[in-house]
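Just the heavy atoms: all of them, side chains too, but no hydrogens, waters or symmetry mates, feed the values below.
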Amino acid sequence: MESSSRGRIMAQMLDAAENASPVDAVEAVTRELGAALRARTVAFLIADLSGRALVRLTHVPLGETGAGRRGGDEVAMVMPFDGGPAEQALRTQKVQVVPQPDGWTVLAPVTDRGEAIGLLEMILPDEPDPRELEEITRTAHVMAFVVIANRRHTDLFEWGQRTTPFTLSGEIQRRLLPASFTCEASAFTLSGWLEPAASIGGDTFDYSLARDVLHFSVTDAMGHGVASALTATLGVGSLRNSRRRGVGLVEQAEAANADVAGHSAVPGSYITAVLGRLDLRTGMCSLLNAGHVPPLLVRDGDTQALPLPPNFPLGMFADAEHRAGEIELRPGDRLVVVTDGMRERNAASLDLPAMLRSITGLHPREAARALADAVLAVSGPTLADDATLFIVDWHGGHSEDRRTRAGADQERASVALPD
């Protein structure tokens, strides 16, 4: 396809997205794409929040029937992962082309900075040639920005991703998490995951990227339910506020300590936490452990807990002082922070260090899912406590450009999945 033609298609797609309402933007874009590529059908499949299914969103006028979960005149069809082409496309970040009796199905990942948002599904009358596949791949990347831009204005995408209804505490907890669970950059790749308990346990993770620094945190508020979620809100809000004021780890911890101690609705509430600050120019990582499970370092095939200065949990003692430690990361290192839900009760039977060694080749996004699945296998299907983990792979080379294709780092995204 000629560059002028490609530019015209992209312009038409963006115009269609902007002219449509937020709930219709994706459908408007797929119509333009289908017409340009002479596709029989084009659909967007969004990744379910569990990370274990795709969801097809369709609009069915009231009064008409439609199989699937209904929300007014919206229908969500859940398609659990089964190891087939759709799952392979999403998890390996490689386009899948599947022959059909009457055409060809193309499944292209919709991705931004490693966040697997969903898939673009197309049925074409003829097998696509390499140039057409390149155009479809590029278009799927544009689709990621359409979804990101429009989901700010509507609950449609969030509703579609929720195959299980949220409690009030779950709703509060969801709002404390970052907008994207995965982020790829030249010097690092990170991914977080939270497997909620039946009664929310107050876990959170967070991160923010500055020009030369990566800030991150993993927290676990005391208790369960709404009270725990509110305590977590105090802690995360305080940490974000002080981080955005530009203060260091110790100052962040001491501000959160005072805020939780002074404002918690439940007397005696506290939060365990690991706070991190990674200098992207040098690989020096400052870590502060406030009564939390020690972070783990996977290096050269070995897994070890990092010895850090001990501190009281945030909010336990209003006048407590805090100290941070430091480690210099080497290219190839993987830093892992988990909450005690990954280690308590039945989950304690999981040999976490051994499993971390066995999945070193996986992208952090897939490693996080593999660990979550392992915890559910030994403790599920309903967890007694939230199980949260945060993974940072350190590559070095902060000044270098990423090697990407359609929103994913192809050098790392194509690692084989575990059996």
Exercise for the section: Quick one: closest heavy-atom pair of Ala89 and Gln96, and the distance? Expected result: CB-CG, 3.5 Å

Exercise for the section: Would you sort out whether Cys285 and Leu335 count as a side-chain contact (heavy atoms from CB on, under 4.5 Å), showing the intermediate values? Expected result: CA-CA 10 Å; Cys285 185; Leu335 182 66; 4.2 Å; yes

Practice task
Starting from the C-alpha separation in whole Å, work towards a yes-or-no answer on side-chain contact (heavy atoms from CB on, under 4.5 Å) for Met222 and Thr231.
Solution key: CA-CA 8 Å; Met222 180 196 77; Thr231 301; 6.0 Å; no

Exercise for the section: Walk me through it: do Phe216 and Phe390 pass the test ring-ring contact (aromatic ring centres under 6.0 Å, His included)? Expected result: CA-CA 9 Å; Phe216 59 91; Phe390 187 80; 5.5 Å; yes

Exercise for the section: Could you tell me whether Glu195 and Arg52 make a salt bridge, using a distance below 4.0 angstrom between a side-chain N and a carboxylate O? Expected result: yes

Problem - Considering all heavy atoms, the nearest Ala16-Glu32 contact - result: CB-CG, 3.6 Å

Handout entry: N-O pairing of Arg243 and Glu251 below 4.0 Å
Key = no

Handout entry: For the student: nearest non-hydrogen atoms of Ala116 and Gln93, plus distance
Key = CB-NE2, 4.0 Å

Fill in the blank from the handout: Heavy-atom nearest pair, Thr339 first then Asp386, reads OG1-O, 3.6 Å

Exercise for the section: Can you see which heavy atom on Ala47 is nearest to which on Leu90, and at what distance? Expected result: CB-CD2, 4.4 Å

Handout entry: Short side-chain to backbone donor-acceptor contact, Gln173 and Asp203, under 3.5 Å
Key = yes

Exercise for the section: Run the salt-bridge test on Glu158 and Arg174 with the 4.0 Å N-O cut-off and return the result as yes or no. Expected result: yes

Handout entry: Non-hydrogen atoms of Thr204 and Leu177 that approach each other most closely
Key = CA-CD2, 3.9 Å

Practice task
Determine, for Arg91 against Glu366, whether the closest basic-nitrogen to carboxylate-oxygen distance falls under 4.0 angstrom.
Solution key: yes

Problem - Passing candidate, side chain to side chain contact (heavy atoms under 4.5 Å, CB included) with Leu190, options Leu214, Asp393, Ile391 - result: Leu214

